[in-house]
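Structure first, commentary second.
Below, chain A is the first sequence line, B the second, and so on; all start at residue 1.
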Amino acid sequence: MAKVKGTVLVNTERCKGCELCVEACPTKTLALAKKEVNDRGYHYAYMENPDACIGCAACGIVCPDGCITVYKVKL
Amino acid sequence: MITAEEIIKPENLVYTKPKLMNDTHMHYCPGCSHGVVHKLVAEVVEEMGMEEKTIGVSPVGCAVFAYNYIDIDWVEAAHGRAPAVATAVKRLSPDKMVFTYQGDGDLAAIGTAETIHACNRGENIVIIFINNAIYGMTGGQMAPTTLEGMKTSTCPFGRDVKLNGYPLKISNLIAQLDGACYVTRQSVQTSPAIKKAKKALRQAFENSMAGKGTSLVEFVSTCSSGWKMTPVQSNKWMEENMFPFYPLGDLKNE
C-alpha cells in the first residue's frame with residue numbers, strides 16, 4: 001500500500017469553530033484551538049496531530065465556510 | 001520525514017474552496033448547512049463552465065445575501081416569489097441557467113403557490129430547497145415543515161397537529177406534478193452525503209439546460225441556532241428525527 005501524507009491549511013480568520021471538520025476527520029488530526037481565538041472570537045480549527053493526516057479532504061468537504069485547503073502526496 | 005512545506009504545493013492540491021465563492025465573510029451561523037450548499041452550487045456551476053451564463057434568484061430568509069458570496073449574476077425576489085421571477089428570467093433568456101435558492105419559510109409557506117405553479121408549468125429552472133424545519137432568520141419560529149412535537153419559539157411545548165396541522169412534505173407534493181422532471185431529497189452532513197448531493201445538483205442543472213422541465217433538489221438541513229444545539233448535535237438530531245420523516249432519495253426522476 002502506497003503511503004500517503006496529507007496536510008491542511010485552515011483559513012483561521014474565516015473559520016467559525018463549528019467543529020464539523022473535527023467530527024469529520026477520520027484520523028483525529030484536527031482540533032479546535034483551546035485558548036486562541038481569531039478576530040471574531042471563534043476558537044478556530046488547527047492540526048493537532050499533523051503526522052496523522054492522510055489528505056482525505058473530508059474536513060474540507062464538510063466545512064460550511066470553505067476555510068480548509070487540503071494537500072496530499074504519495075510517499 | 002516530509003515537512004508540511006514540501007507537501008503544500010499546487011500540484012499536490014486535493015481540495016480547496018471553489019473559485020466562484022468569493023472571500024466575503026459569510027453571515028451564516030457556525031456549522032450552517034447553507035455554506036455547504038453554496039459551495040456545491042459554486043462547484044457545479046464551475047464544473048459545467050457556466051460561470052457567465054448562470055443567474056440565481058435569491059429568496060428572503062437566511063440565504064437573502066447569497067448574492068454576496070457566489071460570483072454569478074443574481075436577482076433578489078420578493079418573499080416567496082423566486083420561482084415566478086426565475087420563470088421570467090428563463091423565458092426571456094432561454095440560454096441562461098436559472099435557479100432559485102429558497103428556504104422552507106420562503107418555498108413552503110409564503111411561496112407555496114408560486115412554487116407549485118412554476119413546477120406545474122414545467123419551467124426549465126432548478127429550485128434548490130433548504131429544509132431545516134424552522135424559520136431560522138427570524139428567530140426559530142414554527143415553519144410548515146416543523147416536525148410533530150418539535151419545539152420552536154412559537155410552539156414551545158412542541159408542534160401539536162390538532163392545533164397547528166401536519167408538517168408539509170412539499171417535495172412529495174411537487175413530485176406528483178407532470179411539469180416536474182426531477183425531484184430529489186438530499187442532505188449535506190457527511191462527506192459521502194455531500195458527494196451524492198453534488199451529483200443530484202449537477203443532474204438538476206443539466207435537466208434545466210436540456211429543457212426537460214422543473215427540477216427540485218431538497219436539502220434536509222440543520223439550523224443549530226434555531227434548534228438550540230451545537231452543529232455536531234444538530235447533525236445527529238437531524239439524522240435521528242428528520243430523516244425518518246423526510247427520507248432521502250429520488251422522489252421522481254424522468
Side-chain angles (χ1 to χ4, degrees), chain A residues 2-27 29-33 37-75, chain B residues 1-43 62 69-70 187-198 221-222 224-225 229-236:
Chain A
K3 245 191 121 190
V4 286
K5 176 89 186 67
T7 192
V8 302
L9 278 182
V10 182
N11 182 344
T12 49
E13 280 313 310
R14 202 175 159 92
C15 179
K16 291 175 185 161
C18 67
E19 221 178 348
L20 291 183
C21 54
V22 179
E23 194 68 15
C25 180
T27 59
T29 303
L30 292 165
L32 291 191
V37 291
N38 62 16
D39 286 357
R40 287 187 161 76
Y42 292 119
H43 293 283
Y44 50 81
Y46 77 108
M47 287 179 91
E48 196 181 34
N49 305 307
D51 296 337
C53 184
I54 52 169
C56 67
C59 51
I61 293 168
V62 298
C63 177
D65 293 278
C67 318
I68 298 179
T69 308
V70 186
Y71 295 89
K72 181 166 89 171
V73 280
K74 279 201 180 110
L75 297 178
Chain B
M1 196 68 208
I2 189 161
T3 60
E5 286 72 34
E6 286 169 301
I7 304 174
I8 301 171
K9 282 177 191 160
E11 65 265 29
N12 297 334
L13 184 70
V14 186
Y15 185 87
T16 190
K17 179 165 75 76
K19 272 191 227 91
L20 275 184
M21 214 170 168
N22 58 29
D23 290 331
T24 315
H25 190 85
M26 294 208 274
H27 74 286
Y28 301 119
C29 308
C32 180
S33 311
H34 272 304
V36 183
V37 182
H38 279 25
K39 271 201 317 192
L40 291 185
V41 172
E43 281 172 12
C62 286
Y69 308 132
I70 306 176
S187 73
V188 289
Q189 86 283 23
T190 59
S191 76
I194 294 171
K195 283 178 186 156
K196 237 170 114 186
K198 187 174 165 185
S221 310
T222 60
S224 48
S225 302
M229 293 176 201
T230 67
V232 175
Q233 283 170 340
S234 313
N235 277 344
K236 213 166 153 242

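Ranked by heavy-atom pairs shorter than 4.5 Å toward chain A, the options B:V232, B:N12, B:T16 are led by B:N12. Options B:E11, B:H25, B:K17 differ in how many heavy-atom pairs under 4.5 Å they form with chain A, and the most are formed by B:H25. Ranked by heavy-atom pairs shorter than 4.5 Å toward chain A, the options B:E6, B:M26, B:H38, B:M21 are led by B:M26.
Nearest heavy-atom pair, B:V14 versus A:G55, reported as atom, atom and distance to 0.1 Å: CG1-O, 4.1 Å. Contact between A:C18 and B:G31 at its shortest, heavy atoms only, is CB-N, 3.2 Å. The nearest pair of heavy atoms linking B:I7 to A:G6 is CD1-O, 4.2 Å. In plain terms, the two heavy atoms of B:V36 and A:V62 that are nearest each other are CG2-O, 3.6 Å. Minimum heavy-atom separation, B:Y15 to A:G60: CE2-O, 3.2 Å.
Neither the backbone nor the side chain of B:E43 comes within contact range of chain A, judged by heavy atoms closer than 4.5 Å. B:K195 touches chain A through its side chain: at least one heavy atom from C-beta onward sits under 4.5 Å away, while N, CA, C and O do not. B:T24 touches chain A through its backbone: at least one of N, CA, C or O sits under 4.5 Å from a heavy atom, while the side chain does not. Looking at A:E19, the atoms closer than 4.5 Å to chain B (heavy atoms on both sides) sit in the backbone and in the side chain alike. Using a 4.5 Å cut-off between heavy atoms, A:A58 contacts chain B through both its backbone and its side chain. Heavy atoms of B:I194 lying under 4.5 Å from chain A belong exclusively to its side chain. Using a 4.5 Å cut-off between heavy atoms, A:N11 does not touch chain B at all. Using a 4.5 Å cut-off between heavy atoms, B:Y69 makes no contact with chain A at all.
Counting heavy atoms from C-beta on, the side chains of B:P30 and A:Y42 come closer than 4.5 Å.
The closest donor-acceptor contact from the side chain of A:K16 to the backbone of B:C32 lies at 3.5 Å or more, if one exists at all. One N or O on the side chain of B:K39 and one on the backbone of A:C63 form a donor-acceptor pair closer than 3.5 Å.
Note that CD1 of B:I8 and CG of A:L9 are 4.0 Å apart. Values are rounded to the nearest 0.5 Å.
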